[in-house]
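Have a look at the structure below before the remarks.
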There are 2 protein chains.
Amino acid sequence: MKRTIENIEYQETTEALALFAKALGHPTRIAILQYLETEACCFTGDLVDVLPLAQSTVSQHLKELKKVGLIQGELKPPKIKYCINKEVWEQAKTLFAEFFDK
Amino acid sequence: MKRTIENIEYQETTEALALFAKALGHPTRIAILQYLETEACCFTGDLVDVLPLAQSTVSQHLKELKKVGLIQGELKPPKIKYCINKEVWEQAKTLFAEFFDK
DNA sequence: ATATCTAATCGCTAAATTACGATTGATTTT
DNA sequence: AAAATCAATCGTAATTTAGCGATTAGATAT
């Protein structure tokens, strides 16, 4: 990724939307969120059982979703309970809705 | 990308949503679509003027958007007029709305 | 026939992404 | 104190993405 000039700047909502979209841009991450939507919350292990991927890979995807704030983890030792972050969820929902509504 | 087993399959809507999200997962592509939303249609050159990127790079981003069908190009020699594909646009809009609406 | 114009494609490089197994760290249970 | 459990992180490899300049292709104008 060469960017010879200084970093290109876009509008704030443009950047925000792109970041959310990027986080949603993998079927596994969509599947995780769909699971969380129905189950409200879950542990990493639940997802590892459901998904045909290694535990470390699932962890990586969770990290991506956490990075943009769509989910959050709560310590329930020795497990970690993941839930959708509703505030950020609504924020993303609004951004997409406004984007598509022209 | 190692995937030792056969390819992992997800639900059709999961895959479709991820593909749309991936296409939207770059600020430049969001900016292009926002431009097309206000301008209805435009030529590649218009975008090259507006965006701080090389012509070949803009072409690449247009290709990505074309690939998922969100835009379509119409030959207006020697130019090409790009417009949003409204059917696919609505499809994507619906998928995102349903996804976020739980 | 030649020159010009527009936009796609090619070839390349750098960086990010996705996957895995192995290891580590934190906590609980024995 | 030792063993077990769960999930994050590390290290590595393959693939994809994003950027550029140069070239090519298609069409019009000279």
Side-chain angles (χ1 to χ4, degrees), chain A residues 1-10 14-15 18-32 35-36 41-68 71-83, chain B residues 1-10 14-15 18-32 35-36 41-68 71-83:
Chain A
M1 238 132 299
K2 250 176 296 176
R3 276 197 177 179
T4 36
I5 333 164
E6 343 89 83
N7 255 358
I8 294 152
E9 296 274 321
Y10 291 99
T14 304
E15 297 274 6
L19 280 177
F20 280 130
K22 196 177 175 190
L24 299 177
H26 194 287
T28 296
R29 292 196 287 271
I30 297 284
I32 288 173
Y35 188 84
L36 282 176
C41 291
C42 75
F43 301 108
T44 307
D46 301 338
L47 291 167
V48 174
D49 291 346
V50 168
L51 299 168
L53 293 168
Q55 178 264 320
S56 56
T57 305
V58 174
S59 252
Q60 247 178 335
H61 283 299
L62 287 170
K63 196 179 173 185
E64 287 299 307
L65 293 174
K66 238 187 306 178
K67 200 174 67 184
V68 296
I71 64 172
Q72 63 199 144
E74 191 191 334
L75 272 116
K76 289 277 181 185
K79 300 188 180 186
I80 293 172
K81 196 175 73 170
Y82 279 107
C83 306
Chain B
M1 234 135 302
K2 249 177 292 178
R3 274 197 177 177
T4 37
I5 333 162
E6 343 89 82
N7 257 358
I8 294 153
E9 296 273 321
Y10 290 98
T14 303
E15 297 274 7
L19 281 177
F20 279 130
K22 196 176 174 190
L24 298 178
H26 193 289
T28 296
R29 292 195 288 272
I30 297 283
I32 288 173
Y35 188 84
L36 283 175
C41 291
C42 74
F43 301 108
T44 307
D46 301 339
L47 293 167
V48 175
D49 291 344
V50 168
L51 300 167
L53 293 168
Q55 178 264 318
S56 57
T57 305
V58 174
S59 251
Q60 245 178 335
H61 284 300
L62 287 170
K63 195 180 174 184
E64 287 299 305
L65 293 174
K66 239 187 306 179
K67 201 175 69 186
V68 296
I71 65 171
Q72 63 199 141
E74 190 193 333
L75 272 115
K76 289 274 180 186
K79 300 187 179 186
I80 293 171
K81 195 175 74 171
Y82 279 106
C83 306

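Basis for what follows: all heavy atoms, side chains included, without hydrogens, waters or symmetry-related copies. Residue numbers start from 1 in every chain, and the chains themselves are labelled A, B, ... in the order their sequence lines are given, proteins ahead of strands. Keep in mind the model is a prediction, meaning the values are calculated, not measured.
- Atom CZ in B:Arg29 sits 9.0 Å away from atom NZ in B:Lys22 (nearest 0.5 Å).
- To the nearest angstrom, P of C:dA7 lies 9 Å from CG of B:Leu47.
- The interatomic distance linking B:Lys22 (NZ) with C:dA16 (P) rounds to 17 Å, in whole Å.
- The shortest distance between the side-chain N/O atoms of A:His61 and the OP1/OP2 oxygens of C:dT17 is not below 4.0 Å.
- Between A:Phe43 atom CZ and D:dA8 atom P there is a gap of 12 Å when expressed in whole angstrom units.
- Of the inter-residue distances, the one linking A:Ile71 atom CD1 with A:Cys41 atom SG reads 10.5 Å to the nearest 0.5 angstrom.
- Heavy atoms of A:Lys81 sit nowhere under 4.0 angstrom from any nucleic acid atom.
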Do any side-chain atoms of residues 45-60 of chain B form donor-acceptor pairs under 3.5 angstrom with protein atoms, and if so which ones, sequence neighbours left out?
| from | atom 1 | to | atom 2 | distance (Å) |
| --- | --- | --- | --- | --- |
| B:Asp46 | OD2 | B:Phe43 | N | 3.0 |

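- Between D:dG19, C:dC20, D:dA7, one nucleotide has an atom nearer to the side chain of A:Leu53 than all others, and that is C:dC20.
- In plain terms, the two heavy atoms of A:Thr14 and B:Pro27 that are nearest each other are CG2-O, 3.5 Å.
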Summarise protein proximity over nucleotides 25-30 of chain D in one line of letters, 5' to 3': B for base, S for sugar-phosphate only, - for none, counting protein heavy atoms closer than 4.0 Å. --S---

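- For the pair B:Arg29 CZ and D:dA18 P, the computed distance is 5 Å after rounding to whole Å.
- With rounding to whole Å, B:Glu64 atom CD is found 17 Å from C:dA7 atom C1'.
- Among all heavy-atom pairs drawn from B:Tyr82 and B:Lys66, the shortest one is OH-NZ, 3.2 Å.
- A:His61 is listed as a side-chain neighbour of A:Ile32, based on a closest heavy-atom distance under 4.5 Å.
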List every contact pair, protein side and nucleotides 8-10 of chain C side both N or O, where the distance is under 3.5 Å.
| from | atom 1 | to | atom 2 | distance (Å) |
| --- | --- | --- | --- | --- |
| C:dA8 | OP1 | B:Tyr82 | OH | 2.2 |
| C:dA8 | OP2 | B:Ser59 | OG | 2.3 |
| C:dA8 | N7 | B:Gln55 | NE2 | 2.7 |
| C:dA8 | N6 | B:Gln55 | OE1 | 3.0 |

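- Of all heavy-atom pairs between B:Leu65 and B:Ala23, the closest is CD2-O, 4.0 Å.
- If you take CG of A:Leu51 and C1' of C:dC20, they are 15 Å apart, rounded to a whole angstrom.
- For C:dT27, the OP1/OP2 oxygens have no side-chain nitrogen or oxygen of A:Lys79 closer than 4.0 Å.
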For the pair A:Leu36 and A:Cys83, evaluate side-chain contact (heavy atoms from CB on, under 4.5 Å) and give the outcome as yes or no after the intermediate values. CA-CA 7 Å; A:Leu36 282 176; A:Cys83 306; 5.8 Å; no

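- With values rounded to the nearest 0.5 angstrom, B:Leu24 atom CG is found 4.5 Å from B:Ile30 atom CD1.
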